[in-house]
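Working notes, structure below.
As a basis for the values below, the full set of heavy atoms in this structure was taken, side chains included, without hydrogen atoms, waters or symmetry mates.
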Amino acid sequence: MQATSPFPFGNLSTELVLLIFAHAARPTFVKTGDDVPKNPYASALSLCRVSKVVRRTVLPELLRTILLPEYNNVAAFVRALRMQQIFSLQENDLRFDYAGRIDRIWFGQICEPPPQAPVHSSFASSTTSERDVDFGLLAPVVLSAPSLALDFESLWLLYGCLESAWSSHVNTNDPVRVPPPWRINNLTLVGEFNRWRPLTSTAEGSAFLASISRLSFLSPARAQTHLLPTYDPCFDDLEFRKYPLPEWMTSVPWESFKHLQTVSLVLPRIVLTVAAKTCLSEENVDVELLTLFDPPRSAYWEPKDISAYTESGEGRVVSVGVRTKLGYSPIQFTVFFDWEEAWTCGLLK
């Protein structure tokens with residue numbers, strides 16, 4: 001077999017070489033069937049070690065979509081921001097402003113850690129460390145992204161960012177005349193629905209909800225179905241869609257979303273029977289993505305059947321495939337939806 005000679009990069013212009021590096025640095029978010037998870041940013045991180053020029057070329061590609069699925073990812077991201085703060089103070093060539101570079105950011109199911117126990121002053125110097133989540137560093141970067149997706153369990157991160165940004169905003173500006181300290185207008189909420197009060201009961205939370213123009217819901221995170229013959233009207237009557245909207249939609253504080261233009265939600269349609277293994281793929285299932293162009297405006301909103309929205313032109317339904325994992329027991333299947341991959345790959349575009 002004839003050996004392949006290395007590609008002569010030296011014959012290309014600098015501009016073309018940097019374009020190739022930028023293209024190679026783009027993260028790949030589509031997951032393979034392997035059990036070992038792969039870092040979608042691996043190529044970009046490797047290229048960052050080539051040179052300072054290449055690093056500044058590929059960092060914008062790396063930062064376009066940020067995935068922080070677990071608490072340790074958030075802590076590592078904050079450490080990177082803290083390092084950039086030091087670089088900036090030192091006027092180091094490695095400094096790079098993350099704020100404004102991120103288009104989309106995703107927070108997975110991240111529960112708020114319990115408060116630390118008080119430490120006696122005599123032990124403080126040896127036991128205390130910088131906080132894992134420093135909202136003073138995190139807020140300007142997170143709130144500069146136009147699109148934010150997060151699990152309901154991670155809302156404490158949004159509360160912390162809003163509180164940090166709002167306190168400095170109202171101290172230096174007139175909050176009525178000056179735009180709010182965030183660019184987020186596209187909000188996606190994932191998982192099981194939680195309380196809204198921390199957002200609706202504060203000035204910064206209310207201002208944030210009022211600024212959202214596009215709201216999306218990716219729920220449930222999983223579905224359980226017993227291995228018995230079942231009837232699912234969402235499946236059997238798919239052509240006419242004579243089924244109602246989910247009941248949880250009546251608990252959303254619609255009156256808080258004063259500039260809302262569209263609402264999207266997924267309607268997983270799964271029928272599992274004793275023959276489920278032959279009729280359901282272990283890789284993908286179809287979900288119905290419903291978008292309402294005339295979203296609810298008040299707490300007294302009366303939901304209609306989905307067909308009423310689609311027939312009047314107030315809504316649209318499209319079918320999309322979502323990767324799933326199946327958990328099996330003798331009496332039921334549990335279907336886990338990979339909303340993270342679906343979101344990063346453009347489910348809600």
Set of salt bridge (Lys or Arg N to Asp or Glu O under 4.0 Å) partners for E204, sequence neighbours left out: none
task: Heavy atoms only: give me the nearest L62-Y41 pair and the separation to one decimal.
output: O-CE2, 3.5 Å
field: Whichever hydrophobic residues join Y300 through chains of side-chain contacts under 4.5 Å
entry: none
Check: W166 ring centroid to F208 ring centroid under 6.0 Å: no
I105 CD1 to L148 CG distance, which is reported to the nearest 0.5 Å: 7.0 Å
- request: With sequence neighbours excluded, tell me which residues meet ring-ring contact (aromatic ring centres under 6.0 Å, His included) with F107.
  value: none
query: Any side-chain heavy atom of I184 sitting closer than 4.5 Å to one from S147?
result: no
query: By salt bridge (Lys or Arg N to Asp or Glu O under 4.0 Å), which residues pair with E314, not counting sequence neighbours?
result: K304
message: For L209 versus F257, what's the shortest heavy-atom pair and its separation?
response: O-CD2, 3.5 Å
- prompt: Any side-chain hydrogen bond (donor to acceptor under 3.5 Å, both in side chains) pairs touching residues 249-266, not counting sequence neighbours?
  reply: S264-T291
message: Under a 3.5 Å cutoff, is there a donor and acceptor pairing between the side chains of S211 and W182?
response: yes
- line: Residues passing the side-chain contact (heavy atoms from CB on, under 4.5 Å) test with S164, sequence neighbours excluded, are F135, A139
message: Would you compute the distance between atom OG1 of T344 and atom CG of L67 and round it to the nearest 0.5 angstrom?
response: 6.0 Å
task: Give the cluster check for L94 versus V58: same hydrophobic cluster or not, with ILVMFWY residues linked at side-chain heavy-atom distances below 4.5 Å.
output: no
Set of residues satisfying ring-ring contact (aromatic ring centres under 6.0 Å, His included) with respect to F152, sequence neighbours excluded: F193, W196
message: To the nearest 0.5 Å, what is the distance between OG1 on T324 and CG on D338?
response: 9.0 Å
task: Kindly compute the distance separating CG (L218) from OG1 (T188), expressed to the nearest 0.5 Å.
output: 6.0 Å
message: Considering only residues two or more places apart or on different chains, which pairs with a residue in residues 47-56 satisfy salt bridge (Lys or Arg N to Asp or Glu O under 4.0 Å)?
response: K52-D93
- request: Specify the closest pair of heavy atoms between A99 and S144, including all atoms of both residues, with the distance to one decimal.
  value: CA-OG, 3.7 Å
- request: Taking the side chain as every heavy atom from C-beta outward, state whether E341 and F29 have any pair of such atoms under 4.5 Å apart.
  value: no
statement: Hits for side chain to side chain donor-acceptor pair (under 3.5 Å) against Y71, two or more places apart or cross-chain, chain-then-number order -> D132
statement: Hits for side-chain contact (heavy atoms from CB on, under 4.5 Å) against E302, two or more places apart or cross-chain, chain-then-number order -> none
task: List the atom of S312, the atom of A308, and the distance in Å for their closest heavy-atom pair.
output: OG-O, 2.9 Å
CG on L16 to CD1 on I20, rounded to 0.5 Å: 4.5 Å
field: CA sep, side-chain torsions, deciding dist, call: V287, L267, side-chain contact (heavy atoms from CB on, under 4.5 Å)
entry: CA-CA 6 Å; V287 300; L267 306 168; over 6 Å; no
- request: Please report the C-alpha distance between L137 and Q85 in whole Å, then the side-chain angles of each, then the deciding distance to 0.1 Å, and finally whether the side-chain contact (heavy atoms from CB on, under 4.5 Å) criterion is met.
  value: CA-CA 9 Å; L137 292 172; Q85 184 183 54; 3.5 Å; yes
By side chain to side chain donor-acceptor pair (under 3.5 Å) - contacts of R95 (at least two apart): none
query: Should F87 and V141 be counted in the same cluster of Ile, Leu, Val, Met, Phe, Trp and Tyr side chains packed under 4.5 Å apart?
result: no
- prompt: Is D151 reaching over with its side chain to a backbone N or O of E153, donor-acceptor style, under 3.5 angstrom?
  reply: yes
- request: Would you confirm whether S201, through its side chain, and R197, through its main-chain N or O, come within 3.5 Å as a donor-acceptor pair?
  value: yes
message: Does any part of the side chain of D134, heavy atoms only, come nearer than 4.5 Å to the side chain of R82, both counted from C-beta?
response: yes
- request: Could you tell me whether R323 sits above the aromatic face of W339, with NZ or CZ closer than 6.0 angstrom to the six-membered ring centre and within 45 degrees of the axis?
  value: no
task: Please answer: with hydrophobic residues joined when any side-chain heavy atoms are less than 4.5 Å apart, are L59 and I86 in the same cluster?
output: no
query: Would a 4.5 Å heavy-atom cut-off, applied to side chains only, mark F96 and R101 as touching?
result: yes
field: Non-hydrogen side-chain atoms of R316 and T310 separated by less than 4.5 Å
entry: no
message: Applying a strict under-4.5 Å side-chain criterion to I, L, V, M, F, W and Y, I'd like to know whether M83 and L68 cluster together.
response: no
message: Starting from L19, can I reach L12 by hopping between I/L/V/M/F/W/Y residues whose side chains sit under 4.5 Å apart?
response: no
task: Check P303 against Y309 and note the closest heavy-atom contact, atom names and distance.
output: CA-OH, 3.8 Å
query: Any donor and acceptor pair, going by atom type alone, linking the side chain of S88 with main-chain N or O of Q84 inside 3.5 Å?
result: no
message: Can you give me the closest heavy-atom contact between A25 and A44, atom names plus distance?
response: O-CB, 3.5 Å
- prompt: How far apart are the C-alpha atoms of W301 and M249, what are their side-chain angles, what is the distance that settles it, and do they pass the side-chain contact (heavy atoms from CB on, under 4.5 Å) test?
  reply: CA-CA 10 Å; W301 168 66; M249 290 192 71; 3.8 Å; yes
task: Test side-chain contact (heavy atoms from CB on, under 4.5 Å) on L199 and T202 and set out the steps.
output: CA-CA 6 Å; L199 282 176; T202 61; 5.7 Å; no
task: For residues T65 and W106, determine if any side-chain heavy atom of one lies less than 4.5 Å from a side-chain heavy atom of the other.
output: no
Can you list, pair by pair, the side-chain donor-acceptor contacts under 3.5 Å of residues 156-163, counting residues two or more places apart and other chains?
{"unit_1": "W156", "atom_1": "NE1", "unit_2": "I110", "atom_2": "O", "d": "2.8"}

- line: Rounded to the nearest 0.5 angstrom, the CD1-CG distance for I102 and L63 is 5.5 Å
message: Measuring only between side-chain heavy atoms, which start at C-beta, is N186 closer than 4.5 Å to L215?
response: no
